[in-house]
Number of protein chains: 2
Amino acid sequence: MFASNTGDTHGDPTTVPPHPCAAWPDNGAGIRETIDRVGDKWSVLVIGILAAGPLRYSALRDQVPGISQRMLTLTVRHLERDGLLTRTVYPAVPPRVEYELTPLGERLRETFYAFVQWATDHNDEIEESRRRYDAR
Amino acid sequence: MFASNTGDTHGDPTTVPPHPCAAWPDNGAGIRETIDRVGDKWSVLVIGILAAGPLRYSALRDQVPGISQRMLTLTVRHLERDGLLTRTVYPAVPPRVEYELTPLGERLRETFYAFVQWATDHNDEIEESRRRYDAR
DNA sequence: CTGTATCCTTCACGATACTG
DNA sequence: CAGTATCGTGAAGGATACAG
């Protein structure tokens, strides 16, 4: 879609190709913010797991291998703040809290899916590339 | 595929919908690794910029606002190792090095595009959600 | 059961200086 | 021009204990 190409200028050693068009829709700042929002250690995992349906705190914790209570709480709070999931407290003893993806969160998950698919499809290719790179 | 179900115990007064489908293709480990690969501070930005065509070191540095030489070098080295871009040294004085996305890197960029699109489309919605969350 | 509150460690990153 | 080398910092995250 982009890549209108700059490579034709290679004959001139000093030519720095001008950027023909924007790489991303916006200019980096918003993207960084968005990546940070879900680029932390656990957000994507939590979103992926919640895709299967709502879960309560303990179930969520059990399904995210290795997460600490601290990080689980922080993660879901952030996601709730951004409107990606809802946190519902059922007044009972003992307390019960359920987390569920919002439509917004579900749509985000769908965009991730392409990425995860890519990672799955090309995992071998990547590891092979690493091996070649390391062997020199 | 996973989420082999945990919610079976709340069958009584409050039915929790069973997971309709799998969360992610693989079990988290591979996903984590992949997210780490591009979830750092600069990789996605570099990939997005290189989508417009090959660039030499200095041009790349100029187009990634705020990146240090150290991080630029580290980032492109990692991406090269994973086979996402190529690094071509033209023997000349002064030296000239060009970085270019591989087809693999280009396909990764396409999956990012959906994500960036999502972020752009829903940025207002997210900020509104945050405002509501913070106001209580 | 669903969280907080601390403490502590690691490491990603930035700044700066230097080099082939 | 295209990098290394080195040092310092802050923030992210883990471990553990405690609480409503």
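What you see is a predicted model, and the numbers here were worked out from it, not measured in a lab. The figures here come from the full heavy-atom set of this structure, side chains too, leaving out hydrogens, waters and symmetry mates. We name chains A, B, ... by the order of the sequence lines, and we start the count at 1 in each one.
For Arg132(A), the side-chain contact (heavy atoms from CB on, under 4.5 Å) partners are Glu128(A), Ser129(A), not counting sequence neighbours. Partners of Arg70(A) under the side-chain contact (heavy atoms from CB on, under 4.5 Å) rule, at least two apart in sequence or in another chain, are Ser68(A), Leu74(A). Asp134(B) pairs by the salt bridge (Lys or Arg N to Asp or Glu O under 4.0 Å) definition with Arg81(A), not counting sequence neighbours. For Val89(A), the side-chain contact (heavy atoms from CB on, under 4.5 Å) partners at least two apart in sequence or on another chain are Arg87(A), Val97(A). Residues that satisfy the side-chain hydrogen bond (donor to acceptor under 3.5 Å, both in side chains) test with Arg61(B), not counting sequence neighbours, are absent from this structure. Judged as a salt bridge (Lys or Arg N to Asp or Glu O under 4.0 Å), and not counting sequence neighbours, Asp62(B) has no contacts.
One interatomic measurement links the two molecules: OH of Tyr90(B) to P of dA2(D), which rounds to 12 Å at whole-angstrom precision. The CG atom of Asp40(B) sits 15 Å away from the P atom of dA12(D) (whole-angstrom rounding). Atom pair Leu60(B):CG and dC1(D):P shows a separation of 15 Å (rounding to whole Å applied). Rounded to an integer number of Å, the gap from CD of Gln69(A) to C1' of dG20(D) is 14 Å. Look at CZ on Arg61(A): it is 15 Å from P on dG14(D), rounded to the nearest Å. Summarising the geometry, the separation between CD on Glu80(B) and C1' on dG3(D) is reported as 14 Å, rounded to the nearest angstrom. Asp36(A) has its CG atom 13 Å from the P atom of dA11(D), to the nearest Å. Here dG3(D) presents its C1' atom at 13 Å from CZ of Arg56(B), a figure rounded to the nearest Å.
In summary, contact between chain A and DNA chain C, defined as any nucleotide atom under 4.0 Å from a heavy atom of the protein, begins and ends at dC1(C) to dT6(C) in the 5' to 3' direction.
When each of Pro95(B) and Trp42(A) is assigned the nucleotide of DNA chain D with its nearest heavy atom, Pro95(B) is the one assigned upstream, toward the 5' end.
Looking only at atom types and distance, the side chain of Thr88(B) has no donor-acceptor partner in the side chain of Tyr99(B) under 3.5 Å away.
Listed by first then second residue, pairs satisfying side-chain hydrogen bond (donor to acceptor under 3.5 Å, both in side chains) with a partner in residues 39-55 of chain B read Asp40(B)-Ser43(B), not counting sequence neighbours. Counting only residues at least two apart or in different chains, ring-ring contact (aromatic ring centres under 6.0 Å, His included) contacts with residues 114-136 of chain B comprise Phe112(A)-Phe115(B), Trp118(B)-His122(B).
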Could you list the donor-acceptor pairs under 3.5 angstrom formed by side chains in residues 45-54 of chain B, with sequence neighbours left out?
none

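Near DNA chain C, meaning a heavy atom under 4.0 Å away, the residues from residues 70-77 of chain A are Arg70(A), Thr73(A), Arg77(A).
A salt bridge between Glu33(B) and Arg130(A) is present, with a side-chain N of the basic residue lying under 4.0 Å from a carboxylate O of the acidic one.
Within the structure, a side-chain polar atom (N or O) of Ser58(B) is placed less than 4.0 Å from OP1 or OP2 of dA2(D).
Stem analysis of DNA chain C (at least three stacked-register Watson-Crick or G-U pairs, each with both distances under 3.5 Å) gives C:1-20 with D:1-20.
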